[in-house]
Amino acid sequence: MARLDAGTAARLARGGGRYLADLRVPGCLEAAFVRSPLPHARVGAARFHDGRGLTAADLGLHPLVATGPGLAGAPWIPLGGGRARYVGEPLAVVWAADRYQAEDLVDAAQLELEPLPPDEPLHSQAPTGVLFETTLEGGDVDAALRAADLVLEGRFHCARQTPFPLETRGVLAHPDPGTGVLTVWTSTQIPDLVRAGLARCLGLPEARLRVRVPQVGGGFGVKAHLFAEEVAVAALALRLGQPVRWIEDRQEHLAASAHAHDAVVRLRVGVTREGRILGVDADLTADVGAYSIWPFSASLEPMTAASSLFGAYAVGALRCRTRARSSARCPVGAQRGVGVTVGVHATERMVDRIARRLSIDPLELRRRNAVPACPWTSPIGRALDSGDYPRLLATLAAAAGYDALRAEQHRARAAGRLLGVGLALFNEHSGTGTQDYRRRGIDTIPGWDQSRVRVPADGRIEVATSAADAGQGHADTYRLLAAEVLGVAPERVEVVEGDTDRCPPGTGTFTSRGAVGVLESLVQALRAAAATDLAPGTDIVRRADAEQVYPSGAHLAVVEVDPVGWRPRVLRYVAVEDCGTIIHPEVVAGQVRGGVAMGIGNVLLEEHAYDADGQIQTATLLDYLVPLATDIPEVELHHLTSPSPRTTLGSKGVGEAGTIGAFGAVANAVADAVAPLGAELDTLPYSPQRIFAAVERARAGLPPARPGQ
Amino acid sequence: MICRLTVNGTPWEGDVPPRLTLADLLRDHLQLTGTHLGCEQGVCGACTVLCDGEAVRSCLMLAVQADGRSLTTVEGLDADPDAAALRDALVAGRGLQCGFCTPGFLLSALALRRADPPVDPARVPELLAGNICRCTGYGPIVAAVRAWLG
Ligand code: FES
Ligand code: FES
C-alpha cells in the first residue's frame with residue numbers, strides 16, 4: 001500500500017487543525033459550570049448574578065438508566081438533579097460573552113448545599129452501594145484447587161487513573177431556528193451514542209439533533225461517554241436560542257471528566273509442582289465512583305477485567321466474583337485497554353509470583369501454561385479466533401536476547417544494581433459486537449458499525465463511516481484502502497467521519513473498532529462499490545456486526561530502580577504484537593509506541609487520590625503525573641501475523657495492546673528489580689514512594705502493605 | 001490597557017483587558033488558533049510560543065506582559081526555512097498523531113536551536129521534558145528533533 005498521505009499531519013503541524021476550541025461561531029456565548037465543593041450534598045436554592053444560571057431542574061433534564069443483568073439500575077443524572085455526588089460534579093451552568101466573565105459568574109453563584117453523611121446511599125436503587133454484581137465461572141474451580149499441589153494467593157490493586165488526552169473536552173451547541181435542528185459539535189469518540197443520549201436527556205427526537213466532531217486532540221476512552229456538560233450546553237443553547245460553547249479546563253478534566261480503574265483483584269491459583277496452572281478463583285471489586293456511567297454502565301471495567309484474567313493461558317477452571325461499588329468520587333469509565341489492563345496486571349504479577357515460588361524461570365512458566373494452539377475456547381467461553389502464543393514467547397525471547405539479559409541481570413545484581421526483567425503474555429478482545437454487548441447485559445450500545453460509499457455528481461468518492469477519528473489516523477488508512485479497492489487515485493477519495501447527518505449510524509470508535517467492525521463494513525461497502533462502474537449517484541451502505549477477535553502480544557521490559565531515590569526507569573522495551581493482518585504499518589507502530597508510553601505512565605506514575613473528606617488531591621499536573629520524553633525508552637517492535645478468520649482482511653486491532661502489555665511487563669520488571677530486597681509490589685502505580693515503603697516493610701520483616709482496603 | 005506587539009513579523013496594537021492571557025490574545029483576538037491550551041497550568045507546553053526568541057508558556061503570561069515584544073507562533077514558521085525543515089521532518093517521521101501537542105513541541109525545539117552553546121543532541125529528551133505528548137510515546141519526536149539539531 002502507498003505511504004500514508006501526510007496531508008492531515010502537515011496541516012496539523014502548521015497549526016491548522018480545527019479542534020473544538022478553534023471553532024468560531026458569531027454570537028457564541030461561553031458557558032461555565034458551578035461545581036460541587038462537597039462529595040455528597042443535597043442541593044437547595046440557587047441564586048445567580050443577573051439570573052444567568054440554570055440547574056438540572058431549570059433545564060428539565062432527564063436522567064438515563066442503563067439496565068441489564070447484574071446492574072442495580074441506578075441512574076446517570078446530568079447536573080445531579082438536586083444532589084451532588086462527587087467533588088467537581090457540575091450542578092449548574094452559567095453563561096456570558098466570554099469565559100472570563102462566565103467564570104466571574106461561577107464565583108458569584110450561590111448554591112445552598114446541605115452536606116449529607118458519607119454513609120448515606122448515593123442512589124436509592126442501590127442501598128448497599130453495589131451498582132453491579134455478577135459471577136463468571138467455567139470448569140470446576142473447587143476441584144482444580146483441591147487437585148493442586150499448592151494454592152498461591154495474591155491481591156493486586158490498580159490505581160484510579162485517567163486517560164488524559166492532551167485536548168480536554170469541549171462542546172458547542174448551535175441552534176438553527178429555521179429548521180429547528182440543534183447542531184452539537186463535541187470532542188467525542190461516539191457521535192451516534194452522544195446523539196441518542198442527548199435526545200433522551202432533552203426529550204427531543206434524534207432527528208432534531210446533529211452531532212458533529214471536529215478535529216479531536218486524543219480520546220483514549222475518556223471521550224467515549226456522554227457527559228453532563230454536553231447535555232447542559234445543548235439544553236442551554238435551545239433555551240437561549242443562541243450558540244453556546246464550553247471548553248473544559250484541565251482542572252475540570254482531572255477532577256470531573258471520567259476516571260478509570262480503582263479495582264482490587266484477589267486471586268487464589270492452584271498449581272502443580274511443575275508449574276501447571278490448574279484453576280483460578282478470583283474476586284474483583286471496583287470502585288466506579290458516583291454514577292453508572294452512560295452508555296457503558298458500571299459493568300464496563302469490572303466485567304472486562306474479570307473476563308480477561310489468565311486469558312492467554314490454558315487454565316482448566318476459572319471463577320471470578322465481580323462487583324462494582326459506588327463512591328462519592330468521579331465516575332469511572334473507559335480508558336485505553338479498559339479493564340484488560342487491570343486483569344493483565346493481576347494475572348502477570350501472579351504468574352511471576354508462581355514462578356518465583358516454584359523457582360521456575362518466568363519465561364519457562366509462561367511456556368508451560370500458554371494457550372497451545374488456536375482456535376481455543378476458555379472455560380468462561382472466550383473463543384480465541386487466532387493467535388500463536390508459544391511463538392509469541394519464542395519470538396520475544398529471541399528478539400530481546402532473553403538469556404543474555406538474564407546473565408546481564410545476574411552480573412548487575414552482583415554489582416549491587418537493582419535491575420529487573422519483566423514479561424507479559426496477554427490477549428484482549430476487540431471489536432465487540434451486538435451479541436457480546438447483549439450477553440453482558442449492556443443494551444445501550446448497538447455493537448454494529450456501518451460504512452457508506454457514495455459518488456456525488458462531481459465524481460468524488462465519498463467514504464463515510466460510523467467511526468470518529470480521535471487522532472489515531474485511521475481516516476488516512478481508510479482513504480488508502482478505498483483507493484486500492486476501487487482502483488482510483490487517493491485524491492479522489494474523501495473520508496467523512498463524525499457527522500450524524502452525513503455518516504451512517506454505528507457504535508463509534510473504541511476497543512479498536514476502527515480496525516475490526518468499521519473496517520469490515522468498509523471493506524464490504526468498497527467491494528460492492530468496486531463491482532459497479534462508480535457512476536455518480538452510486539450509494540452503497542454496508543453494516544458489519546463483528547464477532548469478537550483476539551489480538552495478542554508478548555512484551556518484555558527492563559527496569560532499573562535507583563537504590564537511593566527508588567525511582568524506576570524503563571531502560572528497554574520489546575514488544576511482539578499479533579494484531580492479525582496489518583493494514584498500515586506506520587499507524588500500527590504509532591499506536592503501539594503511544595500505547596506503551598501510556599502504559600509506562602499508568603504503571604509508574606499515574607494516580608488520582610482523594611483525601612478522607614472526599615476532596616480530590618490530584619486536580620493539577622503537578623499532582624497527577626503523566627510520562628514525559630525522559631520516561632519512555634525506544635520501543636523495539638516486532639510482529640507476528642495470524643490473521644483473524646472472523647474478518648475479511650484478517651485484522652484484529654492494535655489500539656490498546658501497547659498499554660495492556662506494559663501493565664504486565666513494566667510492573668513485573670519493577671517487582672523483579674527489587675525482589676532481592678524481599679520487597680513485594682502489588683499496588684499501582686509502582687512509584688518511588690510505594691517501592692520505598694515496600695522495601696522498608698521487607699527490611700522490618702513486615703508483610704506487604706495493603707493500601708486502599 | 002493598550003498593548004503593542006509584533007506577531008510573526010506583523011505589528012499589532014489593541015486595547016486588552018489586564019487579565020487577558022497571552023494565549024487568549026493570540027487565539028481569540030488574533031485568530032492564531034495554532035497555539036493550543038492543554039492545561040493552563042504551565043505544565044504541558046502546548047501553548048509554547050517564542051517571545052523575543054525565547055520559549056515562553058503563553059498560558060502563564062499576560063498579554064500586557066508581552067507589550068513591546070516580538071512573538072513567533074506556529075503560524076509564523078513558514079518564514080523561517082530552518083523551522084519549516086523541522087516541521088517537515090516531524091511530519092515525515094510520524095512525530096504526531098492527534099497534533100494537539102505539535103505546535104508546542106516545534107516552538108520548544110526552535111528555542112533549542114538558538115541556544116548558545118549549542119545543545120547536545122543526546123540531551124533532547126530532557127530538553128523536551130517541558131512538553132507533554134500523550135499519543136506518540138515521544139520516540140518519533142525525539143528522533144526528528146535530534147536529526148534536525150544534528
Ligand atoms: S497550556 Fe500552557 S503549559 Fe499547558
Ligand atoms: S500527537 Fe497527540 S498529544 Fe502529541
Side-chain angles (χ1 to χ4, degrees), chain A residues 4 6 8-19 21-22 24 98-100 163-168 215-220 247 249-251 253 469-473 586-587 589-598 600-601 620-622 626-635 658, chain B residues 17 19-21 24 27-28 31-46 73-78 84 86-88 90-92 94-106 124-143 145:
Chain A
L4 264 195
T8 311
R11 179 168 55 77
L12 297 180
R14 291 188 140 76
R18 287 286 164 268
Y19 302 88
D22 306 333
R24 294 289 177 265
D98 67 34
R99 176 67 177 247
Y100 291 75
F164 192 94
L166 195 56
E167 181 206 27
T168 55
Q215 192 76 47
V216 172
F220 314 118
I247 307 296
D249 70 27
R250 185 55 67 183
Q251 204 169 344
H253 188 84
D469 198 329
Q472 306 95 324
E586 291 175 336
V587 170
Q591 286 291 310
V592 175
R593 266 196 225 106
V596 167
M598 191 172 284
I600 289 174
T620 77
L621 286 177
L622 299 178
V626 296
L628 304 171
T630 40
D631 297 309
I632 310 298
E634 199 43 66
V635 175
Chain B
R19 65 178 177 174
L20 187 75
T21 66
D24 287 341
R27 292 179 43 80
D28 297 338
Q31 316 304 330
L32 295 172
T33 54
T35 299
H36 298 152
L37 291 169
C39 70
E40 298 170 271
Q41 296 173 346
V43 181
C44 78
T73 71
V74 69
E75 289 89 351
L77 299 192
D78 273 330
L86 170 62
R87 186 184 62 202
D88 298 345
L90 204 63
V91 171
R94 290 197 67 84
L96 63 144
Q97 288 178 28
C98 81
F100 203 78
C101 67
T102 312
F105 270 100
L106 286 171
V124 165
E126 277 165 70
L127 296 165
L128 291 180
N131 289 69
I132 293 173
C133 174
R134 192 63 155 171
C135 297
T136 63
Y138 298 103
I141 301 178
V142 168
V145 172

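Just so it is clear: chains get the letters A, B, ... in the order the sequence lines come, proteins before strands, and each one is counted from 1. Just so we're clear, the structure is a prediction, and the values are computed from it rather than from any experiment.
- Side-chain contact check for B:Ile132 versus A:Leu621: some heavy-atom pair is nearer than 4.5 Å.
- The parts of A:Pro627 that come within reach of chain B are both its backbone and its side chain, each placing non-hydrogen atoms under 4.5 angstrom from that chain.
- When all heavy atoms of A:Ala13 and B:Leu106 are compared, the closest pair comes out as O-CD1, 3.5 Å.
- Within the 4.5 angstrom heavy-atom criterion, no atom of B:Leu77 approaches chain A.
- Considering all non-hydrogen atoms of both residues, A:Ala597 and B:Gly137 come closest at CB-CA, 3.4 Å.
- Comparing B:Ala46, B:Gly99, B:Gly34, B:Cys133 by how many heavy-atom pairs each has under 4.5 Å with chain A, the most go to B:Gly99.
- A donor-acceptor contact shorter than 3.5 Å is absent between the side chain of A:Arg593 and the backbone of B:Pro140.
- Looking only at side-chain heavy atoms (C-beta outward), A:Gln251 and B:Glu40 stay at 4.5 Å or farther from each other.
- Closest approach of A:Gly218 and B:Cys98 over heavy atoms only: N-CB, 3.6 Å.
- Taking A:Thr168, A:Val626, A:Leu622 one by one and counting their heavy-atom pairs under 4.5 Å with chain B, the maximum is reached by A:Val626.
- Residues B:Pro125 and A:Ala629 approach most closely at O-CB, 3.7 Å, considering heavy atoms.
- The parts of B:Asp28 that come within reach of chain A are both its backbone and its side chain, each placing non-hydrogen atoms under 4.5 angstrom from that chain.
- Taking chain B as the reference chain and counting heavy-atom pairs below 4.5 Å, the highest number among A:Ala21, A:Gly595, A:Gly601, A:Pro165 is found for A:Ala21.
- Counting heavy-atom pairs closer than 4.5 Å to chain B, the top-ranked of the candidates A:Val635, A:Ile600, A:Asp98, A:Ile632 is A:Ile632.
- Contact annotation for B:Phe100: both backbone and side-chain heavy atoms come within less than 4.5 Å of a heavy atom of chain A.
- Ranked by heavy-atom pairs under 4.5 Å with chain A, the first of B:Asn131, B:Thr102, B:Leu37, B:Asp78 is B:Asp78.
- Contacts between B:Leu20 and chain A at a heavy-atom distance below 4.5 Å involve backbone atoms as well as side-chain atoms.
- For A:Tyr19, the part lying near chain B is the side chain, with the backbone staying farther off; criterion is any non-hydrogen pair under 4.5 Å.
- Rounding to the nearest 0.5 Å gives a distance of 4.5 Å between CG of A:Asp22 and CZ of B:Arg27.
- Nearest approach of A:Thr630 to B:Ala129, heavy atoms of both residues: OG1-CB, 4.1 Å.
- In this structure, the side chains of A:Leu628 and B:Tyr138 come closer than 4.5 Å at one or more pairs of heavy atoms.
- Using a 4.5 Å cut-off between heavy atoms, A:Arg99 makes no contact with chain B at all.
- Interface check for chain B: of the options A:Pro163, A:Gly219, A:Gly17, the most heavy-atom pairs under 4.5 Å are formed by A:Pro163.
- Under the 4.5 Å side-chain criterion, counting only non-hydrogen atoms from C-beta, B:Arg87 is in contact with A:Arg14.
- Looking at B:Arg134, its side chain never comes within 3.5 Å of a backbone N or O of A:Met598 through a donor-acceptor pair.
- Put simply, SG on B:Cys101 and CD on A:Glu167 are 12.0 Å apart, with the number rounded to the nearest 0.5 Å.
- A:Leu166 touches chain B through backbone and side chain together, each having a heavy atom under 4.5 Å away.
- Looking at B:Gln41, only its side chain comes within 4.5 Å of chain A, counting heavy atoms on both sides.
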- Item | Derivation and outcome, side chain to side chain contact (heavy atoms under 4.5 Å, CB included), residues A:Arg250 and B:Val43 | CA-CA 11 Å; A:Arg250 185 55 67 183; B:Val43 181; over 6 Å; no
